[in-house]
Structures are given as structure tokens and as C-alpha cells.
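Lettering of chains follows the sequences in order, A, B, ..., and the numbering in each one begins at 1. Basis for what follows: all heavy atoms, side chains included, without hydrogens, waters or symmetry-related copies.
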Protein chains: 2
Amino acid sequence: MDFRIEDITEEEIDRRLSVVEPLTDSVRQLVDAVIRSEVSDERLAAAKEKVDAIVADLREQQRPGSFGTPYTKEFIGMPWGNAAVGARNAVAPPLRIQRSPGLAECEMVLGAAYEGPGGCVHGGVAALLLDQLVGEAASTDGLPSFTGTLTVKYLRPTLLGPLSARAEVTRREGRKTFVHATMSDADGVTVEADAIMICPKDFVLPTGDALPPAADRRLDR
Amino acid sequence: MDFRIEDITEEEIDRRLSVVEPLTDSVRQLVDAVIRSEVSDERLAAAKEKVDAIVADLREQQRPGSFGTPYTKEFIGMPWGNAAVGARNAVAPPLRIQRSPGLAECEMVLGAAYEGPGGCVHGGVAALLLDQLVGEAASTDGLPSFTGTLTVKYLRPTLLGPLSARAEVTRREGRKTFVHATMSDADGVTVEADAIMICPKDFVLPTGDALPPAADRRLDR
């Protein structure tokens with residue numbers, strides 16, 4: 001896995017995000033508009049030409065592969081390409097997750113781009129977002145955990161719109177962490193998930209160093 | 001759920017797709033380019049302005065909510081807003097699924113937009129795509145099924161790149177259908193999933209009619 005170190009300051013992180021987040025938000029609007037637009041075929045075709053021109057410009061200088069998961073030397077993560085939380089990734093709603101020890105929570109508004117059955121959140125999108133959340137809850141002590149098994153139960157349809165989600169560590173057992181998570185609308189829980197998270201046996205920091213003490217670890221800001 | 005009837009011919013479906021699919025593909029390229037671009041801040045900011053102008057144009061006429069799941073009177077589905085397969089939805093890779101009775105299969109290439117751990121497919125994206133696939137396998141007799149429980153096991157990391165996935169019905173029991181699914185790379189299975197799919201008790205066609213005989217049902221093309 002590509003965990004690279006990029007030694008930049010928090011100010012530089014802020015500066016980069018201040019440019020790229022508004023662009024990503026605009027692309028999210030574009031994804032939504034393409035789904036919902038009812039303008040003429042000619043205007044749709046003209047939009048395609050304009051999008052292609054922007055793509056050609058952006059691609060004049062680009063990294064060869066995916067964004068990867070860079071960290072600063074202070075172990076601040078920059079998962080900006082991540083499909084659930086990425087600040088540069090218009091596929092991500094994105095989730096803006098609040099963390100405390102063993103707990104990860106967020107509120108979000110899911111629109112047309114996350115539809116499955118008409119008017120409802122795609123069950124797989126709920127699984128995607130809850131998978132991210134259980135990973136964040138399991139990793140609040142700074143030790144990365146990856147999903148071993150994720151079981152998602154759909155209690156009733158989740159309508160598109162404002163939603164909240166929450167994941168909490170219920171138990172730790174050696175390298176395994178057990179996490180319970182829910183997605184809710186205004187009337188209560190619509191989806192619940194249970195995950196067994198695994199901390200890799202041979203985890204080494206990108207620097208080659210041992211992990212810093214728990215109190216000093218920050219996997220993200 | 002919004003299952004509406006839109007009485008158009010197959011030729012009209014083809015005509016609409018011929019305009020909107022190339023636009024959606026270009027937006028997929030834009031999502032990827034925004035993640036990977038290394039052009040200057042000025043060029044990123046200029047790209048944002050151009051995207052905003054396209055969005056404003058597309059939004060001049062648009063449907064009020066999400067795309068929904070329209071069907072023709074021949075029961076051909078047009079799930080073009082769907083987050084996994086939608087022809088108008090740049091969040092979807094999209095999956096192009098081959099169906100036969102009790103079986104759904106597809107090949108896909110997952111790029112930077114589907115990343116979780118550096119260089120790897122987000123575990124939640126695997127869950128999203130497999131959720132769609134188990135639904136399609138369960139529905140090949142034309143009777144819609146919704147996911148009740150989805151259990152996803154991650155055997156090893158799935159690298160971004162060319163992948164295949166497969167879902168097969170293993171058992172039916174009243175309104176429940178049991179489906180097993182896998183995602184694979186060139187070296188074999190990386191993720192497996194088991195789903196219990198539920199056919200709604202009170203399912204009624206958008207026309208108000210009873211379901212046509214199984215042989216005449218087509219949930220999609």
C-alpha cells in the first residue's frame with residue numbers, strides 16, 4: 001500500500017485545501033446536474049466538449065497513479081483521494097467525521113448521486129460510508145485498522161436527504177477491534193453494521209520508524 | 001420509492017443514452033483529473049470557474065429531485081441515476097452487468113476515484129459494487145429484491161485496476177433469496193460477500209398491474 005511521507009506544514013495543508021476543495025465541490029455539483037438536467041441534447045453535447053477541455057488542461061501535469069495516502073512527519077493524514085472522505089474526490093459526499101476515542105460520527109446530506117431504488121440511498125452507498133466510519137472509529141488511537149468482515153443490515157429504506165451516522169468500538173481483542181455502526185434519518189436507525197477490524201501484524205510507518213506513543217498519533221486532522 | 005413509468009421506445013432510450021453517456025464519461029474523467037492533477041493553483045481555480053458555468057447551464061432546466069427509477073411499459077428499467085450502474089451518474093464506474101438466470105457478472109477497471117488505502121480499492125466501494133451485483137442476480141427473474149443483510153469478507157487488499165465480480169443465487173426460500181458474490185483480480189478472489197435478499201410482500205408495478213409472467217419481465221436491458 002502506498003503510504004508516503006510528504007513533509008509539509010499545517011499551513012501548507014490549509015493552503016492546498018483552500019484551492020482544491022472548492023473545485024471538488026463544484027465537480028460534485030456537476031455530477032448532480034448531469035443526473036438531473038433536462039436541457040436539450042445540443043446543450044448536453046456542448047457541456048461535454050467544455051468538460052473535455054477542462055480535463056485536458058488539468059491532465060497536463062498529473063501524478064501517474066492514484067492520489068495515495070500521504071502523511072506528514074507529524075503523522076497527519078491527507079487521504080484526499082479517498083472515495084468516502086476525500087477532499088479532492090467528487091465521488092465522496094464527503095463525510096466530515098468527528099472523532100473521539102473509540103467513536104466516529106458524522107452528519108451528511110446525500111443527494112441524487114447516491115441513489116439506488118428511486119428516491120432512496122443505494123444500500124451499497126450506506127455500506128461504503130459505514131465501512132469508512134468503522135475504520136475511523138477503530139483507528140482513533142492512531143493505529144491503522146482495516147476491515148476484515150463487515151455485516152450490514154438494512155432495517156428499512158433510507159430516503160435521500162439529511163442523515164447521520166455513528167460508529168463505536170465495542171471490544172478489542174489482540175489485533176481485532178469490534179465496531180458497531182448505524183445510519184439514521186430523522187425517525188431513527190435505518191441501517192446498522194457490525195465490523196471486525198484487523199490491525200496488520202507487520203505495520204511499519206512510512207518513515208520506517210516504530211509507531212509514536214498513542215497520545216502523539218494523529219491519523220488525520 | 002419512486003418507480004415511475006415513462007413510455008418511450010427502445011430507439012428513444014438509445015438516442016437519449018447516446019447523448020448523455022458520453023457526457024457522463026467525460027465527468028468521470030474530470031473526477032479522476034481533479035484527484036490527480038498537479039497544475040498550478042491558478043489553473044485549478046480557473047477550472048472551478050469553468051465547471052460552475054457548465055453547472056449553471058445544465059441546471060437551467062432540471063428535474064426537482066433525484067433521477068428515480070423509471071420503467072417503460074415493457075418493464076425495461078432505466079436506472080440511469082444509480083450509484084453503481086447509472087449511465088448518467090459519474091459516481092458509478094459504471095458496472096456493465098451481464099445477466100443470466102440467477103447470475104450476474106461484470107468486469108470493470110477501478111481507478112483513482114475508488115481508492116481507500118493507498119493504491120487499493122476502498123473496502124466500502126467493493127461492498128457497494130457487490131451489493132448492486134447481488135441485487136441483480138436475485139432479480140434476474142424480473143421480481144425486484146432488496147438487500148436485507150450483506151456480509152462482506154475482505155480476504156486481502158484489492159489493488160486498483162482491472163477487476164471482475166460475480167454474484168450467484170444459491171437458494172430461494174419464500175420471499176428470501178440467498179446470493180454469494182466475489183470480487184477478483186488476476187490472482188483470484190480478494191473479497192467475498194453473502195446476501196439475504198428480500199422481495200417486498202406488497203410489490204405492485206408502477207402501472208398498478210400484476211407482475212407479468214417471469215419470461216416477459218425485463219428489469220433492465
Most contacts with chain B, counted as non-hydrogen pairs under 4.5 angstrom, among A/D52, A/I54, A/V134
A/I54

Scored by heavy-atom pairs under 4.5 Å with chain A, the best of B/L155, B/V91, B/D25, B/I196 is B/V91

Strictly by side-chain hydrogen bond (donor to acceptor under 3.5 Å, both in side chains), give each pair with a member in residues 75-96 of chain A just once, sequence neighbours left out.
A/E21-A/R96, A/N82-A/Q132

Quick check: closest heavy atoms across A/H122 and B/A84, and the distance to 0.1 Å?
NE2-CB, 3.9 Å

Under 4.5 Å, counting heavy-atom pairs only, tell me which of A/A83, A/A87, A/G86, A/A195 racks up the most with chain B.
A/A83

Does a side chain donor of either B/S37 or A/Q62 reach within less than 3.5 Å of an acceptor in the other side chain?
no

If we define contacts as heavy-atom pairs under 4.5 Å, which of B/L159, B/I35, B/V19 has the most with chain A?
B/I35

When you check the gap from the basic side-chain N to the acidic O, do A/K50 and B/D57 get nearer than 4.0 Å?
no

Between A/L160 and chain B, with a heavy-atom cut-off of 4.5 Å, which part of the residue counts as in contact: side chain, backbone, both or neither?
side chain

With distance as the sole criterion, is a donor-acceptor pair present between the side chains of B/K153 and A/T149 under 3.5 Å?
no

Any side-chain heavy-atom pair of A/R43 and B/L58 under 4.5 Å:
no

Side chain proximity check, B/F67 to A/E115, heavy atoms < 4.5 angstrom
yes

Interatomic distance, B/L44 atom CG to A/S18 atom OG [nearest 0.5 angstrom]
10.5 Å

Tell me which one of B/P117, B/C120, B/P157 satisfies side-chain contact (heavy atoms from CB on, under 4.5 Å) with A/F146.
B/P117

Working note: B/T151 + A/L150, criterion side-chain contact (heavy atoms from CB on, under 4.5 Å); need CA distance, chi angles, decisive distance, verdict.
CA-CA 6 Å; B/T151 302; A/L150 180 73; over 6 Å; no

Take B/R59 and A/D32, measure what side-chain contact (heavy atoms from CB on, under 4.5 Å) needs, and give me the verdict at the end.
CA-CA 9 Å; B/R59 287 208 191 287; A/D32 180 271; 2.8 Å; yes

Okay, B/L30 and chain A: the region with an atom under 4.5 Å from a heavy atom over there is both

Heavy-atom pair count under 4.5 Å with chain A, highest-scoring of B/L129, B/D41, B/V27, B/V31:
B/D41

Taking all heavy atoms of A/V51 and all of B/S26, pick out the closest pair and write down the distance.
CG1-O, 3.5 Å

Note: vs chain B, highest number of non-hydrogen pairs under 4.5 angstrom among A/G81, A/A33, A/A112 is A/A33

Heavy-atom side-chain proximity of B/T147 to A/V152 below 4.5 angstrom
no

Side chain, backbone, both or neither: which part of A/R15 has a non-hydrogen atom closer than 4.5 Å to chain B?
side chain

Residues in salt bridge (Lys or Arg N to Asp or Glu O under 4.0 Å) with A/E38, at least two apart?
B/R63

With a 4.5 Å cut-off on heavy-atom pairs, point out which of B/A127, B/S40, B/A126, B/A113 contacts chain A the most.
B/A113

Sort out for me which of B/E60, B/R16, B/R36 touches chain A most, counting heavy-atom pairs under 4.5 Å.
B/R36

Do you know the tightest heavy-atom contact between A/L128 and B/V125?
CD1-N, 3.7 Å

